[in-house]
Every structure is written in structure tokens, then in C-alpha cells.
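Beneath this line is the structure, given in C-alpha cells, with notes to follow.
All chains are named by letter (A, B, ...) in the order of the sequence lines, taking the proteins before the strands, and each is independently numbered beginning at 1.
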Amino acid sequence: MKSKIAKISMAAIAVIGLSASVANADTLSDTKAQGYLKCGINSGLPGFASADSKGNWSGIDISVCRAVAAAVLGDASKVKFTSLNAKERFTALQSGEIDLLSRNTTWTETRDSSLGLNFAGVNFYDGQGFMVHKSIGVKNAKELNGAAVCVQSGTTTELNLADYFRKNGMKYKLVAYDSNDQVVKGYESGRCDVITSDSSQLYSLRIKLKNPNGSMVLPNIISKEPLGPVVRQGDDKWFNIVKWSYAAMVAAEEAGITSKNVDSMLKSNNPTVKRILGVEGKLGENLGLSKNFAYNIIKQVGNYGEVFDRTVGMNSPLKIKRGLNALWTKGGLQYSPPFR
Amino acid sequence: MFALLRDRKVRGILFQLLTVIGLVAFLWYIGTNTVHNIEQRGIQTGFGFLNGTAGFAINDTPVAYNETYTHGRVFLVGLLNTLIISFVVIILSTILGLLIGVLRLSNNWLIAKLSSAYIDIFRNIPILLQILFWYNVVLATLPSPRKSIELFGSIFINNRGFYVPKPALNATTISMIIAVFLAVIIIFFLNRWSNKRHERTGQEFPVLFTGIGLIIVLPIIAFFIGGSDMNLSYPVLKGFNFRGGKTFYPEFLALTFALTIYTATFIAEAVRSGIEAVSKGQKEAAASIGLSSYQSLKLVVLPQAIRIAIPPTINQYLNIVKNSSLATAIGYPELVTVFAGTSLNQVGQAIEIISMTMLVYLVVSLAVSALLNWINFKMKIKER
Ligand SMILES: N[C@@H](CCC(=O)N[C@@H](CS)C(=O)NCC(=O)O)C(=O)O
């Protein structure tokens with residue numbers, strides 16, 4: 001029953017949400033009044049969003065929720081998480097069930113324009129890849145003509161897949177499921193030859209298989225997947241807050257401010273550091289936040305590099321290299337607009 | 001003026017009028033508000049999206065479809081799949097439910113107990129769990145394509161599906177289809193004639209067996225008359241998968257199986273309560289005029305039992321249509337999965353898409369209840 005009822009009620013909420021919230025586009029006040037941030041996340045994706053045995057969430061997507069909570073409420077723990085599958089996520093945001101979506105969501109033109117969403121940055125640059133059963137003897141995605149492919153529906157993954165096979169004049173049999181669990185089950189049971197998803201996930205997926213050595217990840221990356229936090233269109237103030245909360249993490253890494261040294265950095269005489277931490281100027285107030293919003297983020301959540309290392313990078317089981325996600329000064333794409 | 005208000009009738013009309021005005025105003029308010037909010041948030045509105053390219057594939061399509069088709073086409077594909085699965089499950093669960101319902105009342109202790117155990121078990125496990133269970137069992141037990149189970153060299157079973165040869169539409173197959181229709185028509189008239197004769201003379205004619213014979217024999221004759229060539233396309237293993245022939249996908253099979261097993265329990269209960277509602281005196285009367293127990297069941301008990309069993313059974317048919325939407329869990333591409341799911345996610349127009357989907361279910365429900373009323377009317381005991 002669950003999924004159907006969930007879907008219908010979600011739609012009902014959407015209708016009610018869209019009709020009831022008259023001229024109500026002040027997410028900041030609402031969030032302050034209720035005392036917590038409503039954040040939509042993945043139900044379980046190692047490195048991005050996963051809960052430990054005590055129900056504490058962590059991951060690079062979770063950090064964005066925490067950063068915004070730290071900025072708005074001064075406390076990174078004041079977040080109410082809602083797990084969403086790929087199909088549910090946009091309706092949940094549009095209807096106001098959540099106020100921030102941080103669920104490995106690819107920034108695309110359609111989503112940005114016609115779905116009434118705004119992307120507030122890119123917290124992970126990804127691309128789509130394939131994993132296959134070794135037994136089918138395929139070494140390159142170009143050899144996949146005629147294969148059955150497991151994919152999660154409601155994703156860009158599903159669309160890129162169609163494009164890729166069409167572009168290369170190949171055929172495939174789609175096997176699409178709503179839940180990631182069933183995607184993995186389908187692949188393991190041999191319903192499909194191939195599984196495709198954002199490539200950051202393939203390695204952790206592989207490790208979790210019953211027989212990791214029976215599968216391999218193909219070298220091909222077939223798409224661009226800039227993943228980032230999303231808010232509703234129509235509340236610019238809130239959009240700015242999320243955008244600059246995320247930027248603060250990157251700016252902190254650029255300026256060498258970490259969760260460990262942030263207190264001593266308060267005494268720094270570097271004007272950039274002073275402005276980021278709110279010692280000088282009134283950048284926080286301009287956003288409708290406190291002076292020290294970035295201080296709270298860095299102190300409680302960390303800068304971008306710290307978060308990356310801890311969740312998906314070298315200090316995590318995933319051991320993903322910084323690559324495109326390195327700072328622009330180190331050959332990557334992570335870049336904060338200036339804090340001034 | 002106030003005197004008028006004291007008049008009951010006038011007051012009644014006035015209040016009804018006020019209610020209607022209030023309701024319209026409320027709906028108007030909600031409607032304009034929604035449109036306003038949607039526009040402010042930059043979400044697309046209108047039904048233009050139905051002409052937009054879908055961009056995603058669907059694995060089981062009764063009509064031509066690929067990723068270059070439109071969302072409108074996705075709607076059609078989903079709708080047809082919903083209707084197909086519902087139709088198949090309705091037929092199968094009716095047969096199974098009738099059987100179990102009768103067996104449940106059998107005098108044989110073991111059979112009666114087994115039937116009631118079956119009903120108790122499958123009726124009480126949530127249907128979604130059953131769907132997932134059967135699906136994953138199907139996937140886990142069937143072999144991979146290269147190790148397919150092979151029957152008669154032309155039917156293949158593996159965890160990608162059930163592959164059978166597919167006849168082309170040519171002279172042979174068309175004459176066979178015509179033969180089936182012919183058989184049905186003949187049986188219909190045969191039945192009428194036999195009933196009349198039975199009323200007149202008391203003699204019985206074995207309509208059931210003749211009917212089964214006709215349905216089998218006529219198409220066989222047509223096969224030879226039509227040129228005895230169905231031009232079958234056979235499934236063959238090419239690369240990763242079988243191609244050619246007709247494929248029944250595991251999603252379809254598991255969903256059909258799970259829904260049938262589940263719904264049959266309710267139909268069986270309806271049949272049982274129908275039979276039990278026929279008073280004992282009726283059976284005793286039947287026995288006392290010398291009818292055998294089979295005759296008593298067929299001529300006395302079932303005709304009365306069916307009257308009672310039909311309404312709840314038809315309600316189950318409605319549930320089948322609705323429950324088929326649980327297919328999203330295993331990815332069978334019916335209406336809710338592909339249209340209210342994937343298309344909705346691509347275009348984000350919840351209000352339009354959910355309205356269209358609900359309209360479909362509404363129309364189906366209304367159609368089924370109209371059917372129910374019609375049958376009830378037809379089945380009314382005619383007082384003579
Ligand atoms: N980045 C893509 C894909 C996002 C997505 O949902 N990915 C799937 C795997 S391809 C996922 O995260 N599944 C985990 C889950 O649902 O638990 C998008 O935004 O559409």
C-alpha cells in the first residue's frame with residue numbers, strides 16, 4: 001500500500017500546499033519560528049546520506065542541511081530529515097513538505113526552469129557510469145548492445161541512458177525501479193546485465209554486493225552530473241541563504257579556515273577572513289542572518305574540504321579523489337564567489 | 001420578508017443556495033490561489049507537456065513506443081498496461097476464487113481445511129509484500145538467459161521473462177480468430193436452446209462439454225482451412241537476451257500471480273458466503289425431488305448463491321484495478337508507475353498529471369459500478 005498511498009497523498013499535499021500557502025514565501029521566518037530546518041535527503045547512500053545505528057545522519061548532502069541549520073538557527077543539529085526517493089523529491093519540495101532538498105540531485109535546465117526550482121550551487125561534480133557482471137565479458141560500455149539495464153526511475157540517469165544508447169545506435173532493455181534497493185536486487189538476481197547510476201555510487205554499491213568480485217565498473221563516464229542543493233523558486237531570500245551557506249564552506253577552505261582553527265582565525269588580520277567570519281562588515285545581516293553565520297557553519301560542520309574528506313574522500317570508506325571537486329586553485333571546479 | 005424566512009420550504013432552498021454559493025466561492029478561491037502560486041513559483045501549467053518528448057524508455061509496451069515518443073504516448077502505454085493487467089487478473093482470480101470457494105465447503109475435511117488455510121494466509125498478508133515476495137522469488141529461482149529452461153525447442157523461460165513463439169497476423173491466424181468468435185456465438189445460442197428445451201421437456205443437454213469441444217475443434221479446422229501456416233516468429237538467443245517471439249516479463253508475471261492469489265481469497269469468501277446463504281431447505285428440497293448433489297449445486301444452489309456473491313466480487317474487480325498500481329514497487333509500467341511517476345518527475349506538473357490519473361480511476365470505477373447495477377438488475381429474482 002505504502003507507495004501508492006504515499007504518492008496520492010504527496011500529490012494531495014502538493015495541491016493543498018500550492019493552494020494554501022497564500023503569499024507565504026518567507027521560509028526564513030517559518031524556519032526560525034518552528035525551530036528546525038525541513039531538509040529532504042536520500043534514504044541511504046553511503047557518503048552522501050546515511051544513518052548510523054542510532055539514527056544519526058551523516059554524508060556530504062547531510063552537511064549542506066546542517067550548514068543551513070547552523071547559519072539560520074545557530075545549531076547544526078536542528079534539522080528534520082525526510083528521506084525521499086528520486087520520484088518523490090520534487091513534489092515534496094514544491095509542496096512545502098521540505099524547504100531544502102539535498103539529495104544528490106542533478107542541476108538541469110528543465111528542473112531549474114519548468115519545475116519551479118532553484119539550484120543553489122554544486123556540492124559534488126559527478127558523472128554517470130556503468131557496472132556489469134564480469135560474466136558477460138564486457139570491458140567497455142560500447143559493447144553493451146542488447147543488454148538489460150537496471151536503473152532507478154525518475155532520475156537523469158534514466159534519460160542519459162536512453163540518449164547514450166540512441167547516440168551509439170545500440171539497443172537495450174530497460175528495467176526501471178522506484179527504489180535503489182530493488183535496483184540492486186534486480187542486478188544481483190541477474191534480471192539485468194548492467195546497473196547504471198552516478199559513478200560516485202557505483203564503487204560503494206559494488207562493495208556492498210554479495211560477491212563484489214563478480215562485478216566491475218566500466219571506464220566510461222557518459223554524462224555530467226552536477227549535484228547540488230535545491231530550493232523552491234519564489235523566495236529569493238531563502239535562495240540566497242542556502243547559496244551563501246554553501247559558499248561559506250568553500251570560501252572557508254579557500255581561506256584556510258577549518259573547524260579546528262576557526263576560533264583563532266577570529267583574530268586574523270586578513271580582511272577576507274574577517275568578512276567571512278563576520279568580524280568586519282555586515283554580510284550576515286544582509287542575508288537576514290546573524291553576523292557570525294559562517295562562523296557557526298565552519299565551527300559546527302567544517303569547511304568544504306573537511307566535509308569532503310570525512311564523508312566521501314580519503315578519510316571515508318569511499319576514498320573518492322577530489323578530482324573535479326578540488327578547489328579551483330588546485331585544478332578543480334569548486335569556487336566561491338567573493339565574500340564582500 | 002421575515003415571514004418568508006419562517007416558511008420551511010423557502011428556508012430550505014435558501015440554505016441550499018447559500019451552501020452552493022459558499023462551495024463555489026471556496027473552490028474558486030482554491031483554484032485561483034493555486035494557479036497564482038504555481039505561476040509565482042515558475043512551475044509550468046497546462047497540458048502542453050503531453051506533446052513534449054518523454055526521453056525515457058519503457059520495457060513492456062503494448063503499442064509502439066520508444067524514448068522519442070511523447071508524454072501523451074506514455075499516458076496511453078500506462079493506461080493500456082493497467083487495463084491489460086486488470087483484465088488478466090480479473091479472469092484468473094475469478095476462476096481460482098470460484099474453485100476455492102466451492103472447495104472450502106467440500107465435505108472432504110482435508111480439502112476444506114486446505115482451502116480455508118489458503119484463504120486465511122493470503123488474505124492477511126499485505127499485498128505489496130506479496131508482490132515483492134513473488135517477484136524476488138521469480139527472479140531468484142529462474143536461470144539466466146544462457147541457461148534458459150527450454151520447452152519444445154521454442155519456448156524459453158529465464159529470469160528475463162517467458163518467451164513464446166508469436167504468430168503473425170495472416171490468413172491462418174485470422175481465420176482462427178474468426179473461428180473462436182463463431183464458437184462463442186454458437187455456444188450462446190446452444191445454451192439458449194438447451195435452456196428452453198430443459199424447461200419444456202426436462203431433458204438436459206451437455207452444453208459445457210459441447211462448448212469446450214467447439215472452442216477447441218473449430219479453430220483447429222480453421223487452421224487447416226486458412227492455409228495451416230501461422231508464420232510464427234521464434235525467440236532466439238542473440239547476444240545478452242532472446243529476441244523475436246513474444247515476451248512475458250517477470251514483472252508482469254509476478255504481478256499477475258500475486259494479485260490473482262490475493263484477490264482470489266476475497267472472491268472465494270464471497271462465493272462461500274453466497275452458497276451458505278442459500279437456505280438448507282432449498283438443498284433438502286432439491287434432494288427430495290431426486291436431484292443429484294451436482295445437479296442440486298448447479299441448478300438450485302449456485303444460481304441463488306451467485307446473486308449474493310456478485311456484488312462483493314465486482315468490488316474486488318475494482319480493487320484489482322486499484323491494486324495494480326502497486327506495480328511501481330517492481331517496475332511494471334502501468335499508469336501510476338510511468339505516467340504519475342516517471343513523467344510527473346520529468347515535467348513536475350503534479351496537478352495536471354494526478355488529475356488525469358485520478359480521472360482514469362474514476363471512470364473505471366464508475367463503469368464498474370454501472371456494470372454492477374446492470375447485473376444486479378438482470379439477476380433480480382423475477383417474481384412470477
Ligand atoms: N543525480 C541523478 C540521480 C539521483 C539518484 O536518485 N540516484 C540514485 C541512483 S542512480 C540514488 O541515489 N539512489 C539511492 C536511493 O534512492 O536510495 C538525478 O538527480 O536524477
Side-chain angles (χ1 to χ4, degrees), chain A residues 1-4 7-8 10-12 14-15 17-23 25 86-91 94-95 110-111 113-117 135-136 144-148 153-155 158-159 161-163 165-166 172-179 182 185-186 189-193 232-234, chain B residues 29-31 33-34 36-38 40-44 49 55-59 66-68 126-128 132 135-136 139-140 142-145 159-160 238-241 243 250-251 322-323 325-326 328-331 333 336-338 340-342 344-351 353-354 357-358:
Chain A
M1 278 296 129
K2 189 189 148 261
S3 69
K4 186 173 83 181
K7 197 149 288 154
I8 302 289
M10 192 80 99
V15 177
L18 283 168
S19 52
S21 56
V22 207
K87 276 184 180 176
E88 294 159 347
R89 55 187 158 171
F90 301 128
T91 321
Q94 287 167 346
S95 67
T110 309
R111 289 174 178 178
S113 61
S114 66
L115 263 56
L117 309 174
S135 60
I136 67 171
L144 286 174
N145 193 9
S153 52
T155 57
E158 197 179 15
L159 302 176
L161 177 70
D163 283 358
F165 276 76
R166 185 143 65 105
Y172 68 105
K173 280 277 169 198
L174 178 83
V175 185
Y177 302 110
D178 277 4
S179 81
Q182 192 58 52
K185 271 192 198 149
S189 66
R191 175 68 183 88
C192 40
D193 308 292
R232 273 184 300 281
Q233 214 166 294
Chain B
Y29 172 77
I30 294 226
N33 227 340
T34 308
H36 173 79
N37 281 327
I38 288 180
Q40 214 177 31
R41 294 198 186 153
I43 302 174
Q44 293 267 314
F49 73 93
F56 58 91
I58 300 179
N59 69 348
N66 65 38
E67 57 274 358
T68 60
I127 176 64
L128 182 60
L132 284 170
Y135 183 59
N136 286 307
L139 290 190
L142 293 177
S144 67
N159 59 14
R160 306 285 163 83
K238 260 204 204 128
F240 300 105
N241 284 305
R243 307 208 183 152
E251 292 77 32
K322 293 189 213 145
N323 284 339
S325 68
L326 293 172
T328 59
I330 59 170
V336 172
T337 308
V338 289
T342 313
L344 169 55
N345 181 271
Q346 303 296 359
V347 300
Q349 293 181 240
I351 294 178
I353 288 184
I354 297 293
T357 310
M358 294 208 298

Item to check | Region of A:T110 in contact with chain B, defined by heavy-atom distances below 4.5 Å | outcome: side chain
Item to check | Gap separating the CZ atom of B:F49 from the OG atom of A:S114, nearest 0.5 angstrom | outcome: 11.5 Å
Checklist entry - Is any side-chain heavy atom of A:L159 closer than 4.5 Å to a side-chain heavy atom of B:Q346? => result yes
Next on the checklist: I'd like to verify something: which residue of A:S113, A:G154, A:S153, A:G234 has the highest number of heavy-atom pairs under 4.5 Å with chain B?
Outcome noted: A:G154
Checklist entry - Which answer fits A:A148, side chain, backbone, both or neither, if we ask what part of it has an atom under 4.5 Å from a heavy atom of chain B? => result both
Checklist outcome for this item: Under 4.5 Å to a heavy atom of chain B? For A:F165 that would be neither
Next on the checklist: Out of B:N136, B:V347, B:N59, return the one with the most heavy atom pairs under 4.5 angstrom to chain A.
Outcome noted: B:N136
Item to check | Side chain / backbone / both / neither for B:T68 at chain A, heavy atoms under 4.5 Å | outcome: side chain
Item to check | Per-residue contact mode, B:Q349 against chain A (heavy atom under 4.5 angstrom) | outcome: neither
Item to check | Test item: A:K87 side-chain N/O and B:T337 main-chain N/O as donor-acceptor pair under 3.5 Å | outcome: yes
Next on the checklist: Do B:L132 and A:Q182 have side chains that approach each other closer than 4.5 Å (heavy atoms only, starting at C-beta)?
Outcome noted: yes
Checklist entry - Do B:Y135 and A:R191 have side-chain heavy atoms sitting under 4.5 Å apart? => result yes
Checklist entry - Do B:N345 and A:E88 have side-chain atoms, one donor and one acceptor, less than 3.5 Å apart? => result no
Item to check | Euclidean distance, B:S144 OG relative to A:D193 CG, rounded to 0.5 Å | outcome: 9.5 Å
Checklist outcome for this item: Note: A:T91 and B:A350 closest approach over all heavy atoms is CG2-CB, 4.4 Å
Item to check | Shortest non-hydrogen contact from B:A329 toward A:Y177 | outcome: O-CD2, 4.2 Å
Checklist entry - Any side-chain heavy atom of B:E67 sitting closer than 4.5 Å to one from A:E158? => result no
Item to check | Interface moiety of B:T342 toward chain A, non-hydrogen atoms closer than 4.5 Å | outcome: both
Checklist entry - Has the side chain of A:D178 got a donor or acceptor atom that lies under 3.5 Å from a matching backbone atom of B:G331? => result no
